[in-house]
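Chain A is the first sequence line, chain B the second, and so forth, proteins listed ahead of strands; every chain is numbered from 1.
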Amino acid sequence: MNENESRLGRIMDGIGGIVDSYAVTLKHLFRKPITEQYPEQKKVLPERTRARIVLTRDPEGEERCVSCYLCEAVCPTDCISMEGAERGDGRRYALWFRINFARCIFCGLCEEACPTLAIQLTPDFEFSKYHVLDLVYEKEDLLIEGCGKNSEYNYYEHAGVAVGFDKGEHPGEAKPVDVKSNMP
Amino acid sequence: MWWIVGFVVLLIKVAVVLGVLFGFAAGMVLVERKLLGRLQIRYGPNRVGPFGLLQPVADGLKLLLKEDIVPKGADRIIFFFAPAVVALVPLLIAAVVPFSSDLKIGETRIPVLIADLNVGLLFFLAVASLSVYGVALGGWASNSKYSMLGSVRGAAQLISYELSLGLSLVPVVMLAGSFSLVDIVNAQAEYPFILVQPVSFLIFFISSMAESNRLPFDLPEAENELIGGFHTEYSGMRFALYFLGEYISMVVLGALVAVFFLGGWRGPVLPPLAWFLIKTMITPVFFIWTRATLPRVRYDQLMQLGWKILLPLCLVNIIATGGIALLVRS
Amino acid sequence: MPRLVIDDREIEVPEGTKVIDAAGRLGIMIPRFCYHEALGAVGACRMCAVKFLQGPFKGVQMSCMVDAKDGMVVSTTDAEAVAFRKWVIEWLMKNHPHDCPVCDEGGHCLLQDETVSSDHSRRRFLGSKRTYRDQYLGPYVQHEMNRCIHCYRCSRFYREYAGYRDLGAMQIADKVYFGRFRDGRLESPFSGNLVDLCPTGVYTDKTSRFKVRRWDLERAPSVCIGCSLGCNTVAGAQFRAVLRIEARTNPDVNGHFICDAGRFGYSYTNGGAGFRQRPREPMAAGAGIGREGALERAFGALEEVARKYGPESVAALGSDRNSVETQCALKKMCAAKGYLPPVFFLDPAARRKTCEAVARLDERIAFSRSELESADFVIIAGADPLNEAAMSALALRQAFRKGGRIVVIDPRPVSMPFDFEHIPVVPEAIPRIFGMIVANSIPGEGGGLDANAGKFLRKLDRRSEDATLQSRIEDLAAGLAAAKRPAIVCGTGIVDETTPAFAADCALLLYRAGKRAGVFYVLPGANSYSSAVLSENDGRTFADILEAMEGGSVRALVVVENDLFRNFPDTRRLEEALARLELLIVIDYLPTGLENRASVFFPSSTAFETGSTFINQEGRAQFAHPVHAGGVPILGGSPEHVFRPDVPGGGQKPAWSILHGLETGLSGSGGISAEEIIASHPAFGAIAPLRYPVDGVRVIPVQSKEEFTSQSVSGGEPAPPRGLRLLLVDWMFGTGEISAYSDTLLESIPEPVLTMHSADAERAGLLDGQEVALRLEGGTVEVRLRVTEKMAEGVILLPRHQNLRWQKIRGFPALIDPERIAAL
């Protein structure tokens with residue numbers, strides 16, 4: 001009897017489950033849809049949303065990117081390429097810098113790897129193109145005027161190479177050694 | 001002279017039925033997507049025209065204009081004709097469905113159906129079983145592993161559920177005493193058969209769901225395992241034919257449910273045609289609701305349900321109905 | 001042979017091996033900064049600390065300072081040693097700047113690796129960082145002293161190993177500074193090795209500054225083709241450009257180092273960026289023509305000429321910078337089509353000298369560069385090691401450091417970074433003096449020698465008329481007599497034709513006299529050895545071809561990678577002869593100017609773009625692996641936004657493949673097989689098919705067929721020549737065939753000067769630094785005059801300088817009447 005009861009119970013359970021689920025969907029029918037009507041209603045995305053990549057500038061307005069190739073190395077889809085060069089004052093910069101957004105998966109590893117906070121991902125994701133080659137962005141397209149997420153960091157202030165700051169002028173540095181004197 | 005009038009009337013009837021069915025099929029596409037949307041707390045299509053009402057037009061245009069791709073190595077002839085079979089079957093069935101009580105123009109009574117066959121029910125069963133060819137051959141002719149798997153599954157599923165489908169109608173015939181669909185409707189003058197044959201109704205309903213490859217029985221076209229199953233390789237108009245066939249068959253099955261169990265066009269106050277339409281729509285709407293509610297069954301569950309539950313249930317039901325009918329009549 | 005246990009593994013090493021090397025043999029890399037195999041140990045960095053658990057002493061010790069001893073049990077992973085090394089890293093990083101992103105060493109920095117592996121990430125020290133000012137060190141090496149960890153590798157290499165004195169340590173304690181007394185170019189032509197040696201980024205490669213990270217380079221083992229030594233390198237390319245050359249360690253050939261000309265003279269392969277453009281597409285009469293079209297036209301025209309005038313009317317010219325594959329393909333093509341056999345030399349004398357040298361090398365007396373390092377007495381006859389084969393000067397420096405005595409018998413003002421004795425004599429007198437040193441070093445009449453050797457010894461002069469010279473020779477002979485491993489370095493440039501064979505005979509004589517003696521030839525070009533082997537029985541040179549061209553019997557010429565206008569001494573005659581040709585087919589990768597004159601021009605690939613074998617001066621076949629596919633470099637601007645299936649500027653093919661096309665008329669990748677190379681000459685049998693591509697196989701015979709066959713050099717002092725003898729000389733920078741097309745080397749190229757002995761100058765009334773006009777037969781050359789006493793009288797030296805039109809001398813041996821040199 002017990003077995004039969006339990007079998008019957010199971011059947012009733014099953015039917016109940018099915019009926020319950022019908023009830024759930026029926027209830028949904030009368031709820032207001034939760035869809036966001038995207039092009040008309042645009043949601044403000046969080047600051048750290050990973051979409052279009054930009055190159056930022058330091059507080060002095062110089063390009064932050066020093067073309068260290070770390071983002072290029074870490075990029076899992078190999079969508080970043082660049083060529084480093086030396087400016088007249090010895091500053092290292094990217095002669096050209098290219099991101100192929102047709103390949104980019106917006107994983108954000110480049111931003112994580114960047115030692116100078118130059119490369120940053122922004123919440124702007126609306127930049128579809130009709131032609132795939134138009135998704136290849138050059139430095140002119142990537143470089144923005146502002147500092148992005150951090151408005152204070154200036155890599156060269158801490159680097160210890162004589163660019164923008166002379167030897168010994170960086171925070172926490174001693175005056176350059178006078179190699180022609182043995183005075184302590 | 002009269003036969004010419006009769007022929008013209010027949011042609012008109014065929015045209016009207018075809019038009020209405022195509023219209024319904026197109027409408028069903030929208031209804032399904034809209035309803036499905038609302039059942040899942042979203043809007044459904046709302047971009048084309050006001051409230052997305054022109055969506056079927058856009059879909060149709062899109063499918064018409066798409067490239068018709070024939071896979072390399074496909075059996076071209078079968079590949080071309082298989083979708084037509086699928087679309088043709090529900091249209092043929094529609095020929096025996098009585099939509100309303102006879103139309104009276106003056107003295108003449110014109111039956112509102114194309115052909116009142118005295119074996120209408122058998123005709124329906126016979127023709128319905130043809131649709132397995134569309135599925136099996138279409139998948140086989142595509143020269144694709146997914147299509148092949150889909151068509152094998154489809155063939156097995158359709159054949160399995162055909163039995164229950166047919167047997168579930170035996171009590172109806174026993175009660176009505178006729179194979180003619182008009183007679184079956186007339187037999188429900190006092191009460192619809194659903195009241196006396198709920199089990200038959202349930203089995204017929206479930207089987208027709210399986211016959212039309214709809215969730216939870218859409219294994220032949222399981223999108224996430226078989227990428228569309230038997231119609232994976234179809235595109236453009238040929239795909240549209242499969243699509244059309246599925247929706248027409250949904251409407252036609254709805255009409256048959258109405259005829260067999262819900263008393264056809266009969267009902268108070270409203271004109272018979274309106275009642276028929278309302279009753280017809282009940283089944284497709286429930287199909288859609290089901291699609292929004294239930295997940296796909298596993299293949300072994302499908303087979304178990306068909307052979308081990310529905311089929312014995314049918315037989316028990318027939319015997320019980322027969323016994324009761326015998327008792328009542330005697 | 002001490003046996004010791006390192007990390008639970010036992011090893012037996014030779015006496016005197018340092019523990020750090022013993023671990024290296026087991027494959028255990030003990031961290032190190034200051035220790036270097038070539039430079040030895042100083043124990044400056046304290047990084048190689050290991051714990052000695054048992055043995056002569058126990059505790060943490062520097063593994064580079066401890067000789068392996070029996071019974072030692074060493075642990076490199078002991079907690080105490082690991083903690084010690086972690087502290088060392090932390091204090092080495094105390095002053096290291098935060099500039100890895102802008103440091104070119106980043107990515108292959110030893111300090112970076114060790115810091116990461118020791119898990120040091122936060123600077124705990126609160127004091128300020130020490131800083132230094134940097135110096136300008138010339139066009140190759142960038143200086144950034146803040147990064148220094150004071151391992152002393154640079155000054156040890158620069159001062160001790162290489163022997164230059166302008167870079168070293170200054171200041172004391174933790175302010176030690178490595179640099180020059182004042183800003184300026186590094187004097188050493190081996191300064192590029194500082195880049196390889198520095199364990200961090202104090203010295204970095206300026207030519208590829210900021211352009212690339214090591215991890216992005218396509219790298220492959222390559223071979224330098226700047227001179228005949230065939231130093232091993234690792235070439236790295238990115239963006240279709242070769243950007244960095246590093247030294248590859250090969251103890252037999254170049255040790256750990258290479259010279260600056262080899263390291264920085266790579267940019268000819270990138271050919272562009274405002275310099276003379278490397279030709280990259282096939283051309284006909286100076287205009288572009290597709291690869292297929294070029295082949296069709298060239299093949300058709302060759303067939304046409306051969307049909308009209310017979311196949312002997314087609315001649316072919318190779319060069320010293322052809323790979324072995326190319327030379328064999330050229331030989332094969334000529335043989336298959338019945339053309340005249342190819343020639344590889346322009347100058348008959350150079351051909352004879354090179355062939356002599358190659359014929360006389362055998363395993364008994366052929367010295368490799370590493371054997372030169374351990375020679376205890378070196379006679380340099382008619383060679384200027386630093387200018388003709390720079391890395392041999394570094395080897396001689398090592399011989400000097402080990403106490404070897406070095407004497408140079410050469411008319412040129414030879415300079416090398418160590419003390420040596422210089423006997424400046426005219427080229428004709430070189431063998432005699434050098435024979436006298438050898439003869440005087442063997443006592444008596446050579447008892448104990450076999451008949452041939454004795455005969456040879458008796459033919460040598462022993463006494464000079466000049467008393468001072470005689471005493472000097474006797475002194476040197478005494479040194480040679482005491483030496484156990486004497487070496488003879490013999491040039492093939494300015495010497496007389498008999499000298500190379502004579503050098504071999506002298507080496508053989510010393511060998512017979514019981515010494516481990518050897519000869520080390522300096523050949524004219526990268527693949528001269530193979531050129532000589534392949535033209536062994538064919539006395540013709542381009543001079544003969546030129547005559548045939550003038551006579552009209554040669555109507556078509558195929559020039560394969562030969563910069564004719566640079567190498568041929570008579571430009572006008574060459575132009576006229578080329579104008580008479582019906583067909584000139586040129587295959588080259590350099591913009592020699594011939595490509596515009598050619599009926600059909602094919603661009604060939606450089607050694608960086610195709611796998612190719614080169615045989616160095618000691619007969620060692622070495623394979624340069626392809627580094628990249630080539631094409632127009634993407635440098636100086638972002639690549640354009642286009643889809644294209646081909647590589648821009650990728651029209652080049654290996655020369656051997658083009659020659660195969662000219663032979664068969666079929667395009668495609670066919671070429672020359674290992675079997676065909678081996679069949680080209682019996683000497684190449686050493687390149688067994690299964691071992692191709694070969695690396696390091698010596699293709700010299702075990703024993704040479706000839707012994708003591710050189711002409712005797714007795715007969716007293718040669719009569720002084722009537723005029724001044726003009727000698728064409730090579731310099732390290734500015735005279736190379738390939739380096740002329742490398743814009744990276746431009747800054748090192750000195751101004752061309754005509755060098756003259758002060759006595760000759762006085763006689764002619766000329767002053768040092770004067771602009772003079774040298775009237776040659778083909779025209780006047782204007783050049784600055786340099787006067788020195790450190791050279792032979794009776795010769796003047798003119799470099800084959802790229803900025804000097806010296807190709808007016810009409811034939812190679814040139815005697816100049818002093819009258820013809822006039823002040824401007």
Part of [X] within contact of chain C (heavy atom distance under 4.5 Å):
X: A73(A); result: both
X: V132(A); result: side chain
X: L95(A); result: side chain

Side chain to side chain donor-acceptor pair (under 3.5 Å) filter on S188(C), not counting sequence neighbours, yields none
Are there any donor-acceptor pairs closer than 3.5 angstrom between chain C and chain A, and if so, which ones?
unit_1, atom_1, unit_2, atom_2, d
H98(C), N, A159(A), O, 3.2
H98(C), O, Y155(A), OH, 3.1
D104(C), OD1, R92(A), NH1, 3.3
K129(C), N, G172(A), O, 2.8
K129(C), O, A174(A), N, 2.7
T131(C), O, V177(A), N, 2.9
T131(C), OG1, A174(A), O, 2.9
Y132(C), O, K167(A), NZ, 3.1
R133(C), NH1, D166(A), OD1, 3.1
R133(C), NH1, D166(A), OD2, 3.2
R133(C), NH2, D166(A), OD2, 3.3
D134(C), OD1, K167(A), NZ, 2.9
D134(C), OD2, K167(A), NZ, 2.7
E144(C), OE2, K167(A), NZ, 3.0
N146(C), ND2, G160(A), O, 2.9
Q171(C), NE2, D178(A), O, 2.8
Q171(C), NE2, S181(A), O, 2.4
F181(C), O, K180(A), NZ, 2.8
R209(C), NE, E86(A), OE1, 2.9
R209(C), NE, E86(A), OE2, 3.3
R209(C), NH2, E86(A), OE2, 3.4
K211(C), O, Y69(A), OH, 2.4
R213(C), NE, C68(A), O, 2.7
R213(C), NH2, C68(A), O, 3.4
G636(C), N, E83(A), OE1, 2.9
G636(C), N, E83(A), OE2, 3.3
G637(C), O, W96(A), NE1, 3.2
S638(C), OG, E138(A), OE1, 3.3
P639(C), O, R98(A), NH2, 2.2
H641(C), NE2, R98(A), NH2, 3.3
H641(C), NE2, E138(A), OE2, 2.7

Residues at least two apart in sequence or cross-chain that pass side chain to side chain contact (heavy atoms under 4.5 Å, CB included) with L126(C), listed by chain then number, are none
Hits for side chain to side chain contact (heavy atoms under 4.5 Å, CB included) against A169(C), two or more places apart or cross-chain, chain-then-number order -> Y152(C), V176(C), F178(C)
Notebook entry, point to check: With side chains defined as the heavy atoms from C-beta onward, is the minimum distance between L70(A) and V74(A) less than 4.5 Å?
Noted result: no
* Does any non-hydrogen side-chain atom of C100(C) lie less than 4.5 Å from one of P115(A)? -> no
Looking only at heavy atoms, the pair that brings C103(C) and G201(C) closest together is SG-CA, 3.9 Å
Nearest heavy-atom approach of P199(C) to F33(C) is CB-CD2, 3.7 Å
Start with the C-alpha gap between V647(C) and V632(C), add the side-chain angles, then the distance that decides, and say whether side-chain contact (heavy atoms from CB on, under 4.5 Å) holds.
CA-CA 8 Å; V647(C) 177; V632(C) 176; over 6 Å; no
CD1 (I80(A)) and CD1 (I99(A)) are apart, to the nearest 0.5 Å, by 5.0 Å
Among G107(C), G637(C), G106(C), A173(C), the residue with the most heavy-atom pairs under 4.5 Å to chain A is G637(C)
Most heavy-atom pairs under 4.5 Å with chain A, out of V212(C), I172(C), V642(C), L635(C), belong to L635(C)
When the 4.5 angstrom heavy-atom criterion is applied to F181(C) and chain A, the contacting part is both
Looking only at G84(A), G168(A), A159(A), most heavy-atom pairs under 4.5 Å shared with chain C are made by A159(A)
